[in-house]
Structure formats: structure tokens, C-alpha cells
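Please read the structure below before turning to the comments.
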Amino acid sequence: MAHYLITGGCGFIGSHLADRLLADRHRVTILDNLSSGRLENKPATARLVVGDVADPDAVREAMAGDDGEGVDGVFHLAAVASVQKSRELWAETHRTNLLGTVTVFEAARDARRGGPVPVVYASSAAIYGDNTNTPLKEDELPRPLSAYGVDKLGCEMHARVAWTIQGVPTVGFRFFNVYGPRQDPMSPYSGVISIFARRVARGEDVEIHGDGQQVRDFVFVGDVVRILALAMERRFAGAQVYNLCTGRATSLVMLLEVLQELCGSKVRRRHTEPRAGDIRMSIGDPSLLRSTFDTMCQVGLLQGLSATLTGR
Ligand code: NAD
Ligand code: UD2
């Protein structure tokens, strides 16, 4: 049994990870400022520190654990996850998304008398920008378009510093578009599947930014947390980065068709201007993930969307 810290553990992906780690009989501490996360996402047996991931005192308190023994590893997921929000609140999202990560790495360096604790953290497919050489491999030149993508790339660069200069081992995952139950459908900043699934189920119109032919690699949250937990179990050194993706492409128009079929409804689409900085094609190559961790994303879109619609 280990004790892990999850930053952003009251959010969509973080709360699924907390459930999984607790089911595997680990102890869990969560650090979250509840900005997009919710208290009701916190599993009853997890310890919660309400605080800001860019505040060194809050991070140190969370990393100390409830017994002062210190945690065995950190899953760093706290971030402002919306590309759109990073355009509107540039400096504020930068503080959380980049300074928050450096704060976590620094606290991980100092966390234990026995040495630094390992960090598994969320990077993003947004670091590739509008690169059409799909499916994207990890060694493509990063060319992010958004402030969000630039900050995630900065996290990867600081992870190299964390290892080479500070001795903190890290594994970064470039999540593609993650979806599943518990993703907030009410915020305009939320993932497209959560918004479309709710609206199609209720027979309401959907808004498509642009022509709807933009393509995403949608990954089910259950696969994501399984792979995060697997990575932590491995003893790792260095500052490796992996795509966390399926390699399968789905356009928004296709997504809508599948949702309508599953719900047995037909909804009206309103096309609006494309979002500034929106990526046209985002499909990852999962080869490195497969060869390193001997696993793949296993949940197909139909199965994942059904689980999303039924909330399980
Ligand atoms: P989410 O918004 O549901 O979760 C983020 C959590 O971080 C929330 O609980 C929020 O309250 C917390 N948080 C935000 N700012 C904080 C701060 N300053 N201090 C402490 N806590 C703070 O988003 P998510 O989809 O679960 O994303 C989790 C991680 O995965 C993020 O790092 C995100 O950038 C990354 N990611 C997500 C996707 C996706 O498709 N959902 C894709 C790529 C990367
Ligand atoms: C997602 C993640 C982000 C990031 C990136 C990786 C979320 C909220 N964001 O950004 O964290 O890591 O993936 O590449 O999960 N759209 C509509 N109508 C809507 C909502 C969205 O047309 O009502 C479009 C949007 O313009 C975009 C696509 O759907 O073309 C996906 O948008 P998103 O916000 O779900 O995710 P993305 O890819 O911007």
C-alpha cells in the first residue's frame, strides 16, 4: 500500500484516478482549489487539502501526508484545462499551468529525507499545435498554438530540469481528448463530448465551432487512469514523455452522428466561427505507449460514449 498525492483530484480525471487508487488499496491525498473541481467528486476516504497548486506552502502541506511521513508519489493533474480559457485569462492560467507545475516539482525534490518523490503529470496534445503529420509521434517538433499548449510544453521542459538538475524523476503524458462520466457538461469551457452528450440526450441544439470536420483522438477516462496508475507502479528515472491516445480519428460531425444514434434522437446544429487557436487535426500515435507499458487504450468510442451517457 502506498500513499499518493493527486493535485486536481476533485476534477474530472483526478477523481477517477482517486477512485482507482483507493480501490487498489492505496491512500490518497488531494490538493485542489475547487475552481473547476467539485467537493462531491472527492471519495469519502481521501484526504483533501484545499489550496492553490502554485502556493509552495499548500503543496508542501499536501505532500507531507496526514502522518508527516510524506507521500510516495505525486500525480500532478491540477490545471486550467481549457484552451479557450487560456486565451481569455492568459496570465492567470499561466500561473496555474506552469508555475503550479514548477512548484510541484520543487516540493517533490524536497519531499522526503530519503530523496525526491516521483511525479506523473498531465501534459497535452496541445503541445503539437496544428501539425498535420498525423498520427503524431512524440519526436515531432512541438509548435503549440495556444497559451495552454505553450505552458504544457513548459511543464515538459521543466520536467527535464527536474530530473537532470534536481533529481526528481517524472513521467509526462500528452493526453489527447479525454472524455467520460463526471466531465462537467455545464461549462462552455468543458470538453466537447460532455457538452454534446448532454444536449443530444435532451434533444437540444448543439453549437459547432467551424465546419465540424475538425478531428480529435478521443480517449476514455478509464483507460487514462489505468495507464497513469501503471506508470507510477513502474520504478522510473529520467523525464520521459508519452502520448496517451488511441490513434483513432473522429470528426465532430461523426461524433454527433454516433451520439444521435445512441440516444435515438436528431438535433439541430448551429455552426459558429471557429475558435481562435483551435486545432484542425489532433491524432496521436500510441506506439511508444504500447511498447513501453505493454498496454493500449482499450475502450472504443461506442462503449465509452454509452458509459458517458449512462454516467458510469
Ligand atoms: P478538470 O478541470 O476537471 O480538473 C482540473 C482540477 O484542477 C480541478 O479539480 C480544479 O479545481 C483543479 N485546479 C485548477 N486550478 C488549480 C489551482 N490553481 N490549484 C489547485 N487546483 C487547481 O480538468 P481535467 O479534464 O480533469 O484535466 C486534468 C488534467 O489533464 C489537466 O492538467 C489538464 O490540462 C490535462 N488534460 C486534460 C485533457 C482533457 O481532455 N480533459 C486533455 C489534455 C490534458
Ligand atoms: C482538449 C482539452 C485540453 C487539451 C486538448 C488536447 C478539454 C476541455 N480540453 O482541448 O485540455 O489538452 O484537448 O489537444 O477537454 N467544440 C464545438 N462545440 C462545443 C465545444 C467544442 O464545436 O460546444 C469544438 C472545439 O472548437 C474544438 C473541438 O470541439 O474544435 C474540441 O474542443 P474541446 O474544448 O473539447 O477540446 P480541445 O481539443 O480544444
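Read the numbers this way: they start at 1 and go in the same order the structure lists the ligands and their atoms.
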Using a strict cut-off of 4.0 Å, indicate which atoms of ligand 1 neighbour a heavy atom of G11. 3 (O), 4 (O), 8 (C), 9 (O)
Nearest neighbour in protein (non-hydrogen) for atom 24 (C) of ligand 2: L252 CD1, 3.6 Å
Under 4.0 Å from any heavy atom of Y148, which atoms of ligand 1 are there? 33 (C), 34 (O), 35 (C), 36 (N), 43 (C), 44 (C)
Specify side chain, backbone, both or neither for I193, according to which of its non-hydrogen atoms lie closer than 4.0 Å to ligand 2. neither
Check whether any N or O atom of V53, backbone or side chain, sits under 3.5 Å from an N or O atom of ligand 1, and answer yes or no. yes
Considering the heavy atoms of N177, write down every atom of ligand 1 situated less than 4.0 Å from one of them. 40 (O)
Nearest non-hydrogen protein atom to atom 28 (C) of ligand 2, with distance, is R216 NH2, 3.9 Å
R87 vs T93, side chain to side chain donor-acceptor pair (under 3.5 Å): CA-CA, chis, key distance, verdict: CA-CA 9 Å; R87 188 161 75 94; T93 60; over 6 Å; no
Pairwise side-chain contact, D205 with V267, heavy-atom cut-off 4.5 Å (strictly under): no
Given S36, C10, A58, identify the one with the heavy atom nearest to atom 2 (O) of ligand 1. S36
Using a 4.0 Å cutoff against the non-hydrogen atoms of I208, which atoms of ligand 2 qualify? 22 (O)
Could you tell me whether K85 and E92 make a salt bridge, using a distance below 4.0 angstrom between a side-chain N and a carboxylate O? no
Side chain, backbone, both or neither: K152 near ligand 2, heavy atoms under 4.0 Å: neither
On a heavy-atom basis, I'd like to know which of L77, I6, T103 is closest to atom 28 (C) of ligand 1. L77
for atom 37 (P) of ligand 2, nearest protein heavy atom and its distance come out as N177 ND2, 3.6 Å
When you look for heavy atoms under 4.0 Å from ligand 1, do you find them on the side chain of A125, its backbone, both, or neither? neither
Mark up the atoms of ligand 2 that fall under 4.0 Å of a heavy atom belonging to Y189, in ascending order. 8 (C)
Does ligand 1 have any atom sitting under 4.0 Å from a heavy atom of R38? no
For G37, atoms of ligand 1 separated by under 4.0 Å from a heavy atom: 8 (C), 9 (O), 10 (C), 11 (O)
Only heavy atoms of G191, strictly under 4.0 Å: list the atoms of ligand 2 that pass. 8 (C), 15 (O), 35 (O)
Candidates A78, A62, S35, S187; heavy atom nearest atom 7 (O) of ligand 1 found on A78
If you have a sec, work out which protein heavy atom is nearest atom 17 (C) of ligand 2 and how many Å separate them, to one decimal? H209 CD2, 3.1 Å
For F196, which part has a heavy atom under 4.0 Å from ligand 2: side chain, backbone, both, or neither? side chain
Does this structure show an ion pair linking R27 with D72, if we count only N-O contacts that are shorter than 4.0 Å? no
Please find out if less than 6.0 Å separates the ring center of Y4 from that of F75. yes
Relative to ligand 2, is E207 under 4.0 angstrom through side chain, backbone, both or neither, heavy atoms considered? backbone
Check V192 against ligand 2 and report side chain, backbone, both or neither, counting heavy atoms closer than 4.0 Å. both
Heavy-atom contact check, 4.0 Å cutoff: does S82 meet ligand 2? no
Counting only heavy atoms, which portion of R95 has something under 4.0 Å from ligand 1: side chain, backbone, both, or neither? neither
Students should be able to answer this: which protein heavy-atom is nearest to atom 9 (N) of ligand 2, and at what distance? A81 O, 3.4 Å
Partner of Y128 under side chain to side chain contact (heavy atoms under 4.5 Å, CB included), picked from M281, E138, R143, is E138
Answer with yes or no whether Y148 contacts ligand 2, where contact means a heavy atom under 4.0 Å from a ligand atom. yes
Do V80 and Y148 have side-chain heavy atoms sitting under 4.5 Å apart? no
Test of understanding: given a 4.0 Å heavy-atom threshold, classify the contact between S190 and ligand 2 as side chain, backbone, both, or neither. backbone
Which residue and non-hydrogen atom of the protein lie closest to atom 10 (O) of ligand 2, and at what distance in Å? V83 CG2, 3.8 Å
Residues which pass salt bridge (Lys or Arg N to Asp or Glu O under 4.0 Å) with E257, listed by chain and number, not counting sequence neighbours: R269
R47 side chain to I30 backbone, donor-acceptor under 3.5 Å: no
Using the side chain to side chain donor-acceptor pair (under 3.5 Å) rule, pick out the option among E156, H76, K152, E106 that qualifies with T101. H76
With S15, which residues qualify under side chain to side chain contact (heavy atoms under 4.5 Å, CB included), at least two apart? N41, R182
Ligand 1 to D52, heavy atom cutoff 4.0 Å, flagged ligand atoms 17 (C), 18 (N), 19 (N)
Do the two ring centres, one from F218 and one from F176, sit under 6.0 Å apart? no
Could you give me the CA-CA distance, side-chain angles and deciding distance for H94 and D151, then say whether side chain to side chain donor-acceptor pair (under 3.5 Å) is met? CA-CA 6 Å; H94 173 69; D151 283 336; 2.7 Å; yes
Under the 3.5 angstrom rule, does the side chain of K42 hit a backbone N or O of A46 as a donor-acceptor pair? yes
Pick from R275, R199, R269: the one approaching atom 34 (O) of ligand 2 most closely through a non-hydrogen atom: R275
Ligand 1 atoms nearer than 4.0 angstrom to some heavy atom of F176 are 40 (O), 42 (C), 43 (C)
Full working for side chain to side chain donor-acceptor pair (under 3.5 Å) between Q260 and S265: CA-CA 5 Å; Q260 291 184 137; S265 65; 5.8 Å; no
Please identify which atoms of ligand 1 are closer than 4.0 Å to at least one heavy atom of G51. 19 (N), 20 (C)
I'd like to know whether CG of D294 has more than 12 heavy-atom contacts from other residues, nucleotides or ligands below 6.0 angstrom. no
Name the closest protein heavy atom to atom 26 (O) of ligand 2, giving the residue it belongs to and the distance to 0.1 Å. D278 OD2, 2.8 Å
Ligand 2 to A126, heavy atom cutoff 4.0 Å, flagged ligand atoms 6 (C), 14 (O)
pair D32-T7: side-chain heavy atoms closer than 4.5 Å: no
Nearest non-hydrogen atom to atom 12 (O) of ligand 2 belongs to which of S124, S123, P144, A79? S124
Any non-hydrogen atom of A126 lying under 4.0 Å from ligand 1? no
Checking heavy atoms under 4.0 Å, the part of L34 that sits near ligand 1 is backbone
Could you check whether the rings of F173 and F293 sit parallel, tilted or perpendicular, using 30° and 60° as the cut-offs? tilted
Below 4.0 Å from ligand 1: does a non-hydrogen atom of S15 turn up there or not? no
Any side-chain heavy-atom pair from I279 and R216 closer than 4.5 angstrom? yes
Which atoms of ligand 1 have any heavy atom of A122 under 4.0 Å away? 29 (C), 30 (O), 32 (O), 35 (C)
